[in-house]
Amino acid sequence: RITHFTRDKVGNDFYEASKQTDSFNFGEGLPGTVWEKEEVVTWENLGQNELFIRRKEAKHSKMQTMLGIPLIYAKQMIGVLTLGSHKNQFELKLSLEIIKGIQHSLSSKVYWKKMASELDMTFQLAPELIGIINLEGKFIRINATGCSLLEKSEKEIIGRELADCIPSLTPETKPDLLKLLSLNQKSHHFSTRHQATNGEFRLLEWHCVLEQDQELIFITAKDTSLQKKMQELLDDATALSKIGGWEIDLVNNRVFWSP
C-alpha cells in the first residue's frame, strides 16, 4: 500500500481494522487478482467473499463493495487502485463508469509521479553536485552533494548566484554563467579553485547546459582535487626518475653520469 483516503465512518473503520495488511502476492486478494488479470475487477458481499483477504474487517465495518482498477502505462503494470463503498454495485454503477473513464489519465499521472520521485532520489543521492539555475543566474535547486562541496546549507544557496556561494574566489575567477552562455552556446565547461574551511584548496570542474525552452541552466560539478594531487605526485615521481646518478667503471677506471 502506498497511500489511502477515507471520507466516511465505513471507510475509516475498514482502514483502521485492516491497515496491518499492506501487501498482496500476485493473484492474492482483490489487488493481486487485478494485478494478475490486468483488468477492472468488482467484488460484492465482501464480508462473505472467501477470496477477499480482509473479509472480517469488511463485515465489521459494513464495507459492501470494492473495485480494483489496474494502472497501466505504456503496457506496463505500475499499480492497482482499489475503491470501497458501503453501497452495492448497482447503486454505484454511474460512479464506477466515471472512475473507469479516468483510468488512463490516472495511470499516466501515477507513472510520472513515480518517475519524478525516482529522479528526485537520484538527484539527491548523486555523488556530484547537481543544480538548477534560472536565467537571472541564481540557484533554484541544488542537491545534498552540492551543499557539501560549497559548504553551505540549501537555504543559504537557493536564491544566490554561484559566484556568491564561493566567497574565496577572486573577481577574475568568478564565473558569470549568463555571459558564458550568451553567445548562442548551449553548454560550457569551466573550473574553479577555492580554499575550503579546512584550509585545503578545492578544485571543481563544472559543466553547465542551457535549456532555452525551459529558461533554465542545469549545472554539475565534480571535485577533482584528489585527482589533481595524484597527478602532481606522478609528475614529480616521473621527474625524479629522470635525474639519474653517477656510476664508477672499475674495469676502465672511470666515472660517468648515467641518466
Side-chain angles (χ1 to χ4, degrees), residues 1-126 130 132 134 140-144 211 213-216 218:
R1 180 190 296 123
I2 295 177
T3 187
H4 78 283
F5 171 77
T6 62
R7 68 173 185 178
D8 57 25
K9 186 177 186 302
V10 172
N12 188 64
D13 289 348
F14 176 76
Y15 172 75
E16 290 298 327
S18 64
K19 62 182 178 182
Q20 299 302 321
T21 306
D22 57 3
S23 63
F24 296 85
N25 294 321
F26 184 75
E28 180 185 36
L30 181 59
T33 301
V34 175
W35 183 10
E36 180 181 34
K37 294 184 176 182
E38 296 189 4
E39 62 183 30
V40 177
V41 177
T42 304
W43 283 355
E44 287 189 288
N45 301 317
L46 300 179
Q48 287 77 43
N49 190 332
E50 293 296 324
L51 296 176
F52 193 70
I53 304 298
R54 297 163 292 175
R55 55 185 175 276
K56 290 182 180 179
E57 293 85 347
K59 186 175 183 179
H60 170 75
S61 62
K62 299 181 181 180
M63 182 70 71
Q64 176 70 13
T65 306
M66 190 160 288
L67 172 72
I69 302 175
L71 301 178
I72 302 172
Y73 185 83
K75 298 182 179 180
Q76 178 184 357
M77 188 76 166
I78 60 173
V80 175
L81 172 67
T82 56
L83 302 170
S85 175
H86 63 281
K87 298 180 180 180
N88 60 42
Q89 186 173 350
F90 178 77
E91 294 176 294
L92 295 172
K93 184 176 181 180
L94 179 59
S95 298
L96 295 179
E97 290 302 317
I98 294 175
I99 293 170
K100 291 178 184 179
I102 63 172
Q103 178 182 358
H104 177 73
S105 174
L106 185 60
S107 298
S108 176
K109 290 182 181 299
V110 170
Y111 174 81
W112 288 112
K113 180 68 176 179
K114 177 174 177 287
M115 287 293 293
S117 178
E118 291 174 352
L119 286 173
D120 184 68
M121 184 176 297
T122 301
F123 179 86
Q124 291 298 338
L125 297 179
I130 302 178
I132 303 175
N134 60 25
I140 59 174
R141 196 171 183 198
I142 190 168
N143 66 349
E211 287 294 337
D213 293 341
Q214 300 182 53
E215 297 185 344
L216 295 173
F218 294 89

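Computed over heavy atoms, backbone and side chain alike; hydrogens, waters and symmetry mates excluded.
Rounding to the nearest 0.5 Å places OG of Ser117 at 9.0 Å from NZ of Lys114. Atom CG of Leu71 and atom CH2 of Trp35 lie 13.5 Å apart (nearest 0.5 Å). For the atom pair OG1 of Thr65 and CD of Glu44, the computed distance is 4.5 Å after rounding to the nearest 0.5 Å. For the atom pair Leu30 CG and Arg54 CZ, the distance stands at 7.5 Å (nearest 0.5 Å). Annotation: the span from Met63 atom CE to Lys87 atom NZ amounts to 13.0 Å, rounded to 0.5 Å. Here the OG1 atom belonging to Thr21 is positioned 9.0 Å from the CD atom belonging to Glu28, to the nearest 0.5 angstrom.
Nearest heavy-atom pair, Gln124 versus Ala144, reported as atom, atom and distance to 0.1 Å: OE1-N, 3.3 Å. Looking at every heavy atom in both residues, Phe52 comes nearest to Ala58 through CE2-CB, 4.0 Å. The nearest pair of heavy atoms linking Ile130 to Ala126 is CD1-CB, 3.5 Å.
A 4.5 Å side-chain heavy-atom check between Thr33 and Trp43 finds at least one atom pair inside the cut-off. At a threshold of 4.5 Å between non-hydrogen side-chain atoms, the residues Glu39 and Val34 do not count as touching. Arg55 has its side chain out of reach of Leu46: every pair of non-hydrogen atoms, C-beta onward, lies at least 4.5 Å apart.
The backbone N or O of Gln103 sits less than 3.5 Å from a side-chain atom of Ser107, completing a donor-acceptor pair.
With sequence neighbours left out, the salt bridge (Lys or Arg N to Asp or Glu O under 4.0 Å) criterion links Lys56 to no other residue. In this view, Glu16 and Lys19 satisfy the salt bridge (Lys or Arg N to Asp or Glu O under 4.0 Å) rule, not counting sequence neighbours. Residues passing the salt bridge (Lys or Arg N to Asp or Glu O under 4.0 Å) test with Lys37, sequence neighbours excluded: none.
Between Tyr111 and Tyr73, the ring planes lie parallel to each other; the angle is under 30°, not in the 30° to 60° tilted range.
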